[in-house]
Amino acid sequence: MRLIFLGPPGSGKGTQSEFICKDFHIVQLSTGDLLRYHRKNGTELGKKAKEFMDKGELVPDDLIIEIIRNELKKKEYSNGFLLDGFPRTITQAEALDKLLAELNLHLDAVLVLNVPTEELITRLTARRTCPICGKTYHLIYNPPKVDGKCDLDGGELYQRSDDNEETVRNRLEVYEKQTKPLIDYYQSKGLAYFIDGIGKIEDIYSRLKAILDSIKKN
Ligand code: ADP
Ligand code: ADP
């Protein structure tokens with residue numbers, strides 16, 4: 001299956017991606033994780049992305065489209081993928097359509113997670129992230145088994161520099177202005193599925209799984 005996960009920062013895309021990818025044998029591609037990897041390794045791309053990410057602005061479309069072009073051609077995505085955090089603008093969505101047409105591939109669904117703004121702020125300001133695998137936790141709602149350590153690889157959890165309230169508010173505004181129009185874009189193609197993102201993590205996954213099972217059958 002080839003899927004897009006759409007939803008504001010903090011809506012639970014990363015959290016739910018892990019379950020989806022495991023059950024449906026597809027690979028997650030998170031542009032945010034990729035950019036953080038480049039920053040950590042001090043690449044040219046990482047240096048260019050830093051100033052935008054720190055302000056909660058979007059990294060320019062051409063840089064992101066180039067990353068996706070290179071990634072999606074890799075063999076690891078041949079069984080399907082879940083795009084998490086991409087596309088984020090209409091320009092990116094159009095570039096993705098073009099790339100998929102070149103590769104003779106089609107999208108199966110765009111999953112849209114709905115969570116109200118105040119809840120997003122609460123989730124993001126207490127989010128902790130693993131520097132090794134990118135898995136996220138929440139200090140109260142979704143704590144790790146051992147304080148401060150990733151359940152999967154023992155990585156020392158950290159708070160992302162853009163997960164402070166001021167930057168979070170800007171990221172949410174950027175989402176409203178630049179990314180939300182993608183919902184109409186995909187709805188007009190008959191690909192959008194809406195999921196209530198409030199509730200227990202496992203209940204939200206059940207909602208997602210029911211949708212994906214029904215798509216798989218058809
Ligand atoms: P996104 O990838 O959409 O930015 P994350 O998956 O990183 O979002 O989740 C954002 C934060 O909210 C994390 O701290 C995560 O542990 C927490 N979280 C995820 N799902 C839920 C939920 N259903 N209820 C409460 N907190 C959640
Ligand atoms: P979240 O889901 O919590 O908003 P991400 O990890 O997806 O965070 O993204 C973090 C930052 O990386 C964004 O605020 C933006 O600066 C940059 N970024 C990630 N994906 C894209 C993209 N598709 N287009 C432009 N910028 C991006």
Side-chain angles (χ1 to χ4, degrees), residues 4-21 28-39 45-46 48-69 71 82-93 95-96 111-116 118-131 133-144 150-151 157-164 166-179 182 195-208:
I4 290 177
F5 225 152
L6 204 58
S11 53
K13 301 183 299 295
T15 303
Q16 298 293 337
S17 292
E18 197 186 318
F19 304 122
I20 296 175
C21 289
Q28 180 207 20
L29 173 46
S30 155
T31 40
D33 284 349
L34 264 172
L35 291 169
R36 280 183 289 279
Y37 174 84
H38 278 274
R39 283 182 60 168
L45 172 62
K48 282 186 197 158
K50 184 179 182 311
E51 57 168 313
F52 299 98
M53 294 173 81
D54 283 346
K55 284 188 285 191
E57 300 290 333
L58 294 184
V59 171
D61 285 331
D62 52 344
L63 293 181
I64 296 288
I65 291 165
E66 185 62 22
I67 299 183
I68 292 287
R69 271 200 160 268
E71 279 296 311
L82 172 54
L83 299 179
D84 169 2
F86 176 90
R88 259 172 150 101
T89 62
I90 296 284
T91 306
Q92 292 181 16
L96 177 65
L111 307 167
V112 186
L113 266 183
N114 286 321
V115 176
E118 283 315 307
E119 167 77 7
L120 294 169
I121 293 167
T122 312
R123 286 188 187 182
L124 288 170
T125 49
R127 172 160 74 177
R128 295 294 180 269
T129 304
C130 173
C133 68
K135 185 174 164 69
T136 61
Y137 299 84
H138 188 277
L139 291 179
I140 297 151
Y141 302 146
N142 184 24
C150 178
D151 292 350
L157 303 182
Y158 77 109
Q159 180 171 28
R160 273 171 47 179
S161 55
D162 57 348
D163 277 347
N164 63 77
E166 194 192 338
T167 313
V168 162
R169 285 195 187 271
N170 191 38
R171 286 160 59 203
L172 295 175
E173 270 178 39
V174 167
Y175 175 82
E176 287 293 319
K177 280 196 206 120
Q178 304 196 56
T179 307
L182 292 182
I195 300 103
D196 175 6
I198 288 288
K200 283 195 203 147
I201 290 174
E202 53 272 31
D203 293 345
I204 296 164
Y205 181 59
S206 301
R207 294 171 203 155
L208 282 162

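Just so you know, ligand 1 is whichever comes first in the structure, and atom 1 is the first atom listed for that ligand.
For atom 25 (C) of ligand 1, the closest non-hydrogen atom of the protein is Tyr141 CD1, 3.2 Å. With respect to atom 18 (N) of ligand 1, the closest heavy atom belonging to the protein is Arg123 CD, 4.1 Å. In this structure, atom 20 (N) of ligand 1 lies nearest to the protein heavy atom Ile201 CG1, 3.6 Å. Shortest contact from atom 8 (O) of ligand 1 to any protein heavy atom: Gly12 N, 3.2 Å. Shortest contact from atom 19 (C) of ligand 2 to any protein heavy atom: Arg88 NH1, 3.5 Å. At the shortest separation from atom 17 (C) of ligand 1 among protein heavy atoms lies His138 CB, 4.0 Å. What sits closest to atom 1 (P) of ligand 2 on the protein, heavy atoms only, is Arg171 NH2, 3.4 Å. At the top of the distance list for atom 16 (O) of ligand 2, counting protein heavy atoms only, stands Glu57 O, 2.6 Å. Regarding atom 12 (O) of ligand 2, its nearest protein heavy-atom neighbour is Met53 CE, 3.5 Å.
Every atom of ligand 1 is numbered from 1 in the order shown, and the set under 4.0 Å from a heavy atom of Tyr137 is 13 (C), 14 (O), 16 (O). Atoms of ligand 2 lying under 4.0 Å from any heavy atom of Arg36, numbered from 1 in the order shown and given with element: 6 (O), 10 (C). Counting atoms of ligand 2 from 1 in the listed order, those under 4.0 Å from a heavy atom of Arg127 are 3 (O). Residue contact check: Thr31 has heavy atoms under 4.0 Å from atoms 19 (C), 20 (N), 21 (C), 23 (N) of ligand 2. Interface of Asn142 with ligand 1, defined as ligand atoms under 4.0 Å from a residue heavy atom, comprises 16 (O). The ligand atoms of ligand 1 that sit less than 4.0 angstrom from a heavy atom of Ile204 are 23 (N). Atoms of ligand 1 lying under 4.0 Å from any heavy atom of Thr136, numbered from 1 in the order shown and given with element: 5 (P), 6 (O), 7 (O). Of all atoms in ligand 2, listed by their number and element, those nearer than 4.0 Å to a heavy atom of Gln92 are 22 (C), 23 (N), 24 (N), 25 (C).
Within 6.0 Å of the CD atom in Glu166, the count of heavy atoms belonging to other residues, nucleotides or ligands does not exceed 12.
Here the side chain of Asn170 pairs a donor or acceptor atom with the backbone of Lys55 at under 3.5 angstrom. Gln159 places a side-chain N or O within donor-acceptor distance of the main-chain N or O of Thr125, the cut-off being under 3.5 Å. Under the 3.5 Å distance criterion, the side-chain polar atoms of His138 are matched with a main-chain donor or acceptor of Thr122. Distance alone, capped at 3.5 Å, places no donor-acceptor pair between the Lys13 side chain and the Gly85 backbone.
Of all the listed residues (Val59, Leu124, Leu35), Val59 holds the heavy atom that lies closest to atom 26 (N) of ligand 2.
When non-hydrogen atoms are compared, ligand 2 lies under 4.0 Å from the side chain of Arg160 (C-beta onward) but not from its backbone. Residue contacts with ligand 2, taken as heavy atom pairs separated by less than 4.0 Å, do not involve Gln178 at all.
Contact check for Pro8 versus Leu172: side-chain heavy atoms found under the 4.5 Å cut-off. Side-chain contact between Leu182 and Ile90: present, with at least one pair of heavy atoms (C-beta onward) separated by less than 4.5 Å. Between Arg88 and Asp61 there is no side-chain heavy-atom pair separated by less than 4.5 Å. When side chains are defined from C-beta on, Ile20 counts as touching Leu111, because their heavy atoms get closer than 4.5 Å. Residues Leu35 and Leu63 fail the side-chain proximity criterion, which asks for heavy atoms closer than 4.5 Å. Looking at heavy atoms from C-beta onward, Asp54 lies out of side-chain contact with Thr167 at the 4.5 angstrom threshold. Looking at Leu45 and Leu34, their side chains never come closer than 4.5 Å, going by heavy atoms from C-beta outward. Here the side chains of Thr136 and Thr129 are in contact, with some heavy-atom distance below 4.5 Å.
Any N or O atom pair closer than 3.5 Å counts here, and Thr15 shares at least one such pair with ligand 1. In terms of N/O distances under 3.5 Å, ligand 1 is not approached by Ala126. Geometrically, ligand 2 and Ile64 share no nitrogen or oxygen pair separated by less than 3.5 Å. Residue-to-ligand polar distances keep Arg128 apart from ligand 1: every N/O pair is separated by 3.5 Å or more. Considering backbone and side-chain atoms together, Gly10 places an N or O closer than 3.5 Å to an N or O of ligand 1. Distances between N or O atoms of Gly14 and those of ligand 1 include at least one value under 3.5 Å.
At least one heavy atom of Gly199 sits closer than 4.0 Å to an atom of ligand 1. At a 4.0 Å cut-off, at least one heavy atom of Lys13 sits close enough to ligand 2 to count as contact.
Of the charged side-chain nitrogens involved, none lies within less than 4.0 Å of a carboxylate oxygen, so that Arg69 and Asp62 do not count as a salt-bridged pair.
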**Request:** Evaluate side-chain contact (heavy atoms from CB on, under 4.5 Å) for Ile204 paired with Leu113, printing each intermediate quantity in order.
**Result:** CA-CA 9 Å; Ile204 296 164; Leu113 266 183; 4.1 Å; yes

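Partner of Asp163 under the salt bridge (Lys or Arg N to Asp or Glu O under 4.0 Å) criterion, chosen from Arg128, Arg171, Arg123: Arg171.
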